[in-house]
Each structure stands twice: as C-alpha cells, then as structure tokens.
Amino acid sequence: MNVSLPITNPLRIGLRQERVIPPQCLVIFGASGDLTHRKLVPALFELYKQRRLPSEFALIGCARRPWSNEEFRQRMEKALKDKVERNKNEWDNFAKCLFYVPVDLQKEEDVLRLKDKLEEIDQKKATHSNRTFYLSVSPKFYGSGCKSLASAGLLGDPKRSRVVIEKPFGRDYKTAQALNQLVQTCAQENQIFRIDHYLGKETVQNILVLRFANTIFEPIWNRNFISSVQITSAETVGVEDRAGYYETSGALRDMVQNHLTQMLTLTAMEPPGHFDPEAIRNEKAKVLQSARLANEHEPWKCCVRGQYSKGGSQGYPLIGYRDEPGVAPTSTTETFVATKLFVDNWRWQGVPFYIRTGKRLAKRLSEIVLTFREAPVHLFDAAGGCPTSNQLILRIQPNEGAEFKFEVKSPGSGMRSRPVEMEFSYDESFGEPSDEGYVRLLADAMLGDPTLFTRSDEVEAAWRLYTPLLELIEDSPWQLPIYQYESRTWGPSESDQLLAKDNLLWRRP
Amino acid sequence: MSPQLTLQTPLQLPPAEIPNYLSKLWSNDDSGNKGSNTFCLIIWQPAWMEQKLVKSHRVNGPIIGNQRLDLVEAARQVVLDEELPHSTPPLDESVHSTVSLNKTEHKVEDLRGQHIDSAISDLKPRRLITLAPTIEEVNELETLVAAYCPLPEEGGGSSACGDVVVFRGALNALKHGLNIVEKVIPEKLPSWLWWNGSLNEAPELLERLTTSTRRIILDTALGDPDRCLNFLQEKIKKGQAINDLNWLRLRTWRETLAMVFDPLLRRKALESVVKLDIDIEGNHPVQGLLLTAWIADRLNWKLLECTTNEVGLLQGKFERFDKTIITSTLTPLPIGHPSIHPGAIVGLRLICEPNQKPKDAICVILAAESGECMRLEAGGMARMELIEEVVPSQSNSLEMDVARLLSSSRGSTSPLLASAAPIANKLLNLSKSN
C-alpha cells in the first residue's frame with residue numbers, strides 16, 4: 001500500500017450528521033483517576049472538536065484531592081499533551097467548560113456543596129438542570145455513591161439526571177443482584193447506564209448492521225449453516241500497573257463476563273422488531289437466558305485457565321505474572337481463560353461458542369469467527385489436502401473490518417480448490433478513522449440513549465452464566481487449575497485441547 | 001405528522017398588554033408548570049404566495065404559513081396560466097406578483113403562528129413569536145397569545161410547555177411593534193430567528209432582529225444572490241451563529257461526493273483535479289457557488305479569477321497546491337419542472353488527471369435523482385474511468401429542515417459553511433467585476 005496516501009478523505013471532514021447533545025452538565029467522580037485523563041476527557045474533547053457538545057456544557061471533575069479549577073485544567077492539558085498541541089485554540093475554549101469540586105462521595109456535606117455548585121453552574125452555563133453523573137470510582141463505592149446522590153436529591157428528575165456506572169458491576173451473580181437492587185432504589189432503571197466500552201466500538205455495533213441490514217447473512221446465520229463460533233480478545237500487554245485490581249478480578253471477571261459476553265449476545269441475538277433500546281436489550285437478554293456452559297455439571301471440562309510466565313527474547317525479556325510488582329508470588333489469578341458455551345434455542349442448538357481471552361498473547365486482536373459447515377460432498381481436490389470450511393471473520397480490533405474465506409479454483413488445468421479471502425477494511429473503505437468507544441458511549445449517555453448500555457437483567461444473566469466457574473474457582477480451585485504459558489504465545493496448550501476434542505482448532509490470525 | 005394547533009383559541013390583546021400577560025401566564029398554572037426551559041423561536045412568516053393564492057381562491061384557506069403540497073401545485077398552475085417561463089420556480093416572487101386579487105372582500109382566516117408544524121413542536125420551544133405581515137395595508141397591529149403543548153401521535157398528551165405570540169399587520173405596523181417583540185423574547189434562553197422569506201424584504205426588520213446574540217436561520221436561495229452571500233459573510237465575520245437552509249440542502253451532494261473518494265485508492269485522485277462543472281436550475285447561483293467553494297476549501301485551492309457571460313455561466317479559475325490551474329464552471333439550465341428551491345443543483349462533474357499517469361484519469365459524475373446527467377456525460381470522457389452516482393432527492397419540508405437545525409446546531413456556524421461562504425462570495429464578486 002502506498003504510504004503517502006492521505007489517511008483522511010478531505011471531503012469527509014466535518015460531514016457527520018450526528019445527534020447533538022442537549023445542554024448538559026457532566027459530573028465525573030474519580031476525576032483524579034486514570035480513566036478520566038486517559039479516556040473520558042480525551043473523549044469529551046473529541047466530542048467538542050466534532051461540535052457535538054452543546055454551547056451550554058460544563059464538565060465538573062470531582063475527587064477528594066483539593067485541586068482548584070485551574071489545577072484540574074492544567075492536569076488535563078498535560079495528560080492530553082499531544083492532542084492539545086495540535087488543537088491549542090480548541091483546547092483553550094474547551095478548558096473553559098472544565099470545573100473542579102473537591103468531593104468525598106461518602107460525606108453528605110460534600111455532596112450538598114456539589115449540589116449548590118451544580119445550581120450555580122446551571123445559572124452560569126444554562127445547562128437546564130440536565131446532569132449526567134459518571135461514577136469512575138472504586139466499584140465498592142458504586143452503591144453508596146448512588147445513595148449519596150439520591151439523598152441529596154440529585155437523581156430526583158428521571159428526565160434530567162442519569163448515572164453512568166463503570167464495570168465491573170458486581171463480582172458475581174449475588175453481588176450484582178444486590179447492587180442492582182440498591183441502585184434501583186436510588187434511580188429508575190432508565191436513569192442507570194452500565195457502561196461496557198466494547199459496545200462503543202464501531203465494529204461491535206457493525207455486527208448488528210451486518211446481520212440485520214443485509215439479506216444475504218441472516219438466512220444462513222443459524223445452526224443449519226454454522227458449525228461453530230469463536231470469540232477471541234487477545235492482548236499483548238501484561239497486567240501493567242493494574243495488579244492491585246487484577247489480583248481480585250482475573251480474566252473471567254475482567255473480560256469474559258462483560259466484553260466477550262456482549263459480543264456473544266450481539267452475534268447470537270434474534271432480529272429486534274425495531275431499532276429501539278428496549279427491543280435490542282430484550283433480544284440480548286434472551287440470548288443470555290438461553291446460554292449455558294457446555295458442561296454445567298462438570299464445568300472444569302469446558303474451561304481452561306492460564307497464567308503467563310516469562311518469555312520474550314534475550315534483548316526484550318518479559319517477566320511472568322507472578323513476578324509482576326503487586327502480584328503475589330503464589331497467585332492463582334488467571335490471565336487467560338478459554339471456555340465453551342452453548343445457546344439452547346432454535347437458532348443455535350448444538351453450535352459450540354468458544355470464547356478465549358488473555359494477556360501477553362501472541363497478538364493484540366479481538367475478533368469473532370463464524371465457521372460454516374463443510375460442503376456435503378467434496379468434488380474437487382484441495383490444495384491443502386481437504387477443502388477448508390468457509391469462515392466469516394469480524395475483526396473488532398485492530399484493522400477493523402471483516403473478511404470472508406471461501407474456496408476458489410486454483411489456476412491450472414486441473415480442478416483443485418484453494419481458500420482465498422475477500423476483505424472489507426474500515427480504514428480503506430471510509431474516509432475517516434473511527435472514534436474511540438468512549439466517545440460514542442459518553443455522547444449516548446448524555447443523550448439519554450441506553451441502547452449500547454447493559455440493562456440490569458443482562459448483567460445478572462451474564463454473571464449467572466459463569467457462576468459454576470466462579471464457584472469452582474472460589475471453592476475448589478484445584479479442579480480448575482492454572483496452566484502456565486509462555487509470554488507472547490497463544491496461551492496454554494490445554495486450550496487447544498478444548499477444541500481438539502471437537503476436531504477443531506483455534507484460528508491463528 | 002400533522003401540524004398542531006394551540007390548545008386554546010388565541011387571545012387577542014392590545015400589543016402593550018402582551019408582556020405583562022405572558023409574565024402571568026405561567027405563574028397562574030395550578031400544576032406548578034413553568035413551561036419548558038428550551039429556546040425561543042422568532043419566525044418572519046410573510047407567506048406572500050399563500051396569502052395571494054388563498055385570497056384569490058386558488059387554494060383553500062386558512063392561511064397557515066407552512067409549506068404544503070397544494071400550495072406548490074397551485075403556484076405551478078399560476079406559472080402555466082400566466083404564461084411565465086416553465087423554468088420559473090413555483091414560489092418565486094415573479095409568480096405571486098402576477099396573481100391578482102379580486103376587489104370583492106373575501107375574509108380569510110389567518111392562522112399563521114398558531115398552526116405549529118409537529119417537527120418543531122416536538123422540540124418543545126418555550127416561545128414561538130411569529131411576525132405575520134399582511135398584504136393588505138392594515139395599519140393596526142394585531143397581537144394574539146396562547147399556550148400550547150405538543151400532542152403525541154399515539155395520544156396521551158402532556159402539560160403545556162410553551163406559548164405562542166403572533167404579531168400581525170402591515171409592514172409598517174410590524175416595524176412599530178418591534179419594541180414589544182423585543183420585550184417578549186425571554187432573556188435567559190437561546191433565541192433563534194428563522195427568516196422564512198427573501199433576504200431582500202424588510203431590511204430594517206431583519207437588521208433589528210439579527211442582533212449579535214441571536215442564532216439565525218435563513219435560506220440563501222431566496223433573495224438577490226449578492227445580498228444573500230454578503231449577509232452570510234457579514235454575519236460569519238462577526239462570529240454570529242448562522243444556519244443556511246440552502247447549505248443544509250447540499251448535504252446529500254457533499255456526502256455523495258465524499259463517498260466517491262472514501263476508498264483509500266481513490267483519495268490520491270483528489271490531488272489531481274483539473275476541472276469542476278456544476279449544472280444548476282435557473283439563474284440563482286448561490287447553491288452552486290457554495291458547493292464549488294466547499295470543494296475548493298476542502299482541497300486547498302486558491303481562487304484566481306471568475307468571469308461570467310450573458311447567459312449567466314460563471315467560470316472560475318483556481319490554483320492547485322502544485323500550481324496547476326483548475327477550471328470551474330457553473331452552468332444555469334432552464335428546467336421544465338423546477339424545484340421549489342431556486343438554483344438547485346442538477347449535476348456535478350469532477351475530472352481528475354494525474355500528470356504522470358494520464359491513463360489513470362477519472363471522471364466523477366453526480367446527478368440529481370430528479371434530473372439527468374447526459375449533458376455532463378458528453379465531451380470525451382470515454383477514455384477515463386467513469387464513476388457515476390445518483391444523489392438522492394430530499395423530500396423534507398422546510399419545517400423539518402428547520403427542526404433539524406434547531407435540534408442539531410450547538411449555537412454556532414458550521415465551520416464548513418464558515419469557510420465556504422467567503423469563497424462563494426468572492427467568486428460572485430469577481431464575476432461581477434470582470
């Protein structure tokens with residue numbers, strides 16, 4: 001590919017017809033944290049540059065640190081250095097919308113002080129009392145945070161106030177259920193936005209468009225034509241500076257219960273009657289109600305856990321998980337998990353869904369692979385010995401797009417077949433790069449559109465699905481042992497055996 | 001969705017009593033409703049054509065001020081009856097000026113300002129202020145006021161969310177009433193002015209109503225092209241939020257042209273454009289100029305000159321980044337069944353010829369769904385790779401377009417329009433000076 005080609009189509013710039021957010025005050029709790037400066041403020045600045053934030057907009061950062069407005073602005077500017085340097089004027093204007101209020105959510109007087117500040121900003125910035133509260137705090141404060149907001153009367157108007165809650169929403173089915181009950185006493189369900197940033201990715205949303213805007217896929221999107229589905233989310237990085245959190249969570253809670261399960265629901269759901277938040281979430285919830293581990297009675301037979309050990313090369317050595325700072329040397333937290341599920345409904349009965357995720361794997365990628373059934377009769381010789389099954393691969397990241405693998409005739413006098421790939425790439429087909437997931441999700445939250453947020457019953461059903469595994473890990477971990485795998489490989493060989501039992505292989509992208 | 005009427009028959013009050021009445025209207029609401037906290041929309045609603053066609057019995061009353069099909073059809077019939085050129089846009093000033101009124105008195109109900117299009121009422125404007133000039137020289141200013149609420153299509157209903165105020169009378173009477181108009185505009189809410197008429201009319205009123213803090217919606221297809229583009233540029237220069245319905249109608253052209261160059265391998269061709277031809281309906285060049293200007297701005301072309309000939313053909317010369325000269329032509333065409341919007345674009349042709357590889361030349365032709373592009377297909381393009389696309393027609397009513405602007409504008413001018421308008425104005429000015 002010619003590298004000198006412009007990345008962005010100059011005619012494409014500024015053409016998006018996006019919904020504009022109504023006058024709004026966004027309050028971020030945990031404003032001194034990592035997520036705020038790495039994801040949230042950059043996403044808001046992007047929305048500002050795209051002219052999607054209203055002129056009546058204010059962002060209030062809240063945390064316990066005694067910062068001033070100016071200090072908060074400077075810290076955000078520093079954190080977004082590269083972006084600010086390229087757009088100095090826009091940043092200067094955007095920074096005028098940034099405020100900071102020191103708040104400890106556990107202290108009533110602090111929340112009441114915040115309420116006064118919000119009223120003052122309402123007057124100053126004409127934000128019409130439309131407020132979105134973003135809880136980017138430790139998960140243990142989700143419930144009490146909502147309670148404090150409700151006690152101060154800040155969630156009283158269901159049309160004007162809403163609360164966004166980060167993952168993880170609970171640690172298991174019981175805690176998720178208890179948290180749901182608690183937050184639902186503070187606000188109505190339509191005010192609660194449980195965020196899963198994977199749903200903000202264009203390619204994840206494209207699953208719906210690909211399936212329901214085309215007539216060629218839906219007739220074959222079922223057990224009659226599809227033999228198996230693989231969902232992979234692989235990272236090359238290790239635990240980095242998240243050891244404290246990761247030790248209490250592990251790959252199953254951190255990735256599978258939310259991100260990968262959401263991809264599963266979008267892949268397996270029935271078409272909704274119309275494109276409406278509740279209709280879509282109803283269909284997703286139905287998938288989770290029909291989903292089960294491939295072997296619920298002996299769950300260790302359908303799941304493999306792993307932990308990365310040292311690896312890399314002489315020049316670039318990588319340490320193992322147990323040697324990471326903040327990780328116990330005897331830790332049994334999994335950094336890799338592979339499991340097999342079934343969705344017991346008319347569409348998917350008998351089709352295995354294989355899910356895997358891990359840190360320090362060979363490549364960074366997320367993808368969904370639908371493998372079609374083999375042709376009933378093999379009429380032709382295949383270059384590779386036997387014809388390969390057709391595959392539709394939905395690439396979530398990187399190199400977002402889709403590819404379809406199918407057999408064609410190899411050139412020559414004989415009739416030998418070989419597989420080829422037909423490809424669609426977002427980068428090549430569209431004249432502009434896709435937004436980060438948080439850009440879309442923050443905008444949707446402020447617009448009050450819950451389509452891409454997880455409903456209470458979905459969260460609970462997702463936890464319930466993995467309960468046999470979580471119980472096993474808690475009660476008898478020896479039955480679900482941790483296999484070590486070398487850093488920058490595709491995980492423990494036991495995960496290959498999980499598929500080998502079904503005469504299948506993980507796709508090696 | 002059908003237009004909605006106010007909840008109650010509007011109350012006619014002396015103009016001076018209106019501000020006081022409005023201030024009490026919400027404080028007396030038993031439910032504690034204080035009205036929606038959204039925006040105020042001031043509408044200049046002359047509806048000259050409708051007034052004349054209703055009063056001459058060519059269409060049925062009442063006068064409502066909204067764009068409707070029977071009105072356009074009746075106006076097209078006037079073009080035929082009065083033997084005007086078939087290419088005359090149906091709502092053109094030349095059409096309604098030929099409609100003569102009967103001397104006999106015919107009292108027609110005038111519901112301008114009370115008949116709210118549901119696209120707009122769905123946005124729950126806090127106050128709708130309609131300025132309704134009459135064709136009769138009635139010196140007295142009539143003022144009407146009522147509360148309203150949007151009724152959902154599926155029934156139910158909601159509490160009152162806003163109010164409407166109508167100022168009706170001859171132009172002079174409206175001018176005298178402007179002080180009262182200004183008093184009833186809520187200070188704390190964003191206010192918009194929708195100038196739903198030609199920019200040539202009532203310049204004093206237009207000037208008074210477009211104060212620096214007000215957001216403006218206008219249509220540069222209505223009025224003298226110089227006046228339209230100068231006004232647009234002047235407001236942009238002052239940093240005032242201005243939205244142009246004529247620019248908004250260009251969105252499918254911009255989108256379709258961008259889509260042609262979305263595939264990575266075609267993007268390079270944008271660096272080798274040598275010719276741009278745009279065909280427009282009739283003689284109103286503003287939309288064509290804005291599209292030319294947008295392309296020139298996006299591709300960093302430098303405007304060198306522009307000339308015009310006796311049939312209104314405008315020929316511009318631009319310089320590319322590599323000093324290559326690009327020619328642009330804007331050709332007015334007489335169309336048998338013209339759009340209601342003067343100067344609507346019929347077709348576009350963009351020719352890209354890389355210097356090094358003439359075999360890689362491409363010719364992009366976009367044609368309006370309602371028109372044809374045979375004229376643009378002629379002229380030796382066969383040797384090039386031909387990319388043809390049909391640009392979908394937009395069937396949105398004027399009110400829907402305005403609602404779209406009200407709901408999607410964040411109170412500033414689109415940067416694309418802000419960059420394109422001065423180039424379009426310069427093109428027109430250069431053509432006049434040469």
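Numbered from 1 within each chain, the chains take letters A, B, ... in sequence-line order.
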Please answer whether the main-chain N or O of B:Thr413 pairs with a side-chain N or O of A:Arg51 as donor and acceptor at a distance below 3.5 Å.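 The answer is yes, because a donor-acceptor pair under 3.5 Å joins these two groups.
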Distance-minimising heavy-atom pair for [X] and [Y]:
X	Y	answer
B:Asp262	A:Ser429	CB-O, 3.2 Å
B:Ala258	A:Leu15	CB-CD1, 3.6 Å
B:Arg298	A:Pro10	CD-O, 3.2 Å

B:Arg267 and its side-chain contact (heavy atoms from CB on, under 4.5 Å) partner, picked from A:Asn9, A:Thr8, A:Leu11: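 Among A:Asn9, A:Thr8, A:Leu11, the one that satisfies the side-chain contact (heavy atoms from CB on, under 4.5 Å) with B:Arg267 is A:Asn9.
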Residue pair B:Arg254, A:Arg12: steps toward the side chain to side chain contact (heavy atoms under 4.5 Å, CB included) verdict: CA-CA 8 Å; B:Arg254 295 195 301 265; A:Arg12 173 62 59 198; over 6 Å; no
Neighbour count above 12 (heavy atom, 6.0 Å) for A:Phe275 CZ: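 Counting neighbours around CZ of A:Phe275, 12 or fewer heavy atoms of other residues, nucleotides or ligands fall under 6.0 Å, so no.
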Exceeds 12 heavy-atom contacts within 6.0 angstrom, atom NZ of A:Lys83: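 Check fails, neighbour count at 12 or below.
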Interchain contact, B:Leu257 with chain A, by part (heavy-atom threshold 4.5 Å):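 Both backbone and side chain.
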If I take atom CD from residue A:Glu56 and atom CG from residue B:Leu189, how far apart are they, to the nearest 0.5 angstrom?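 These two atoms lie 9.5 Å from each other.
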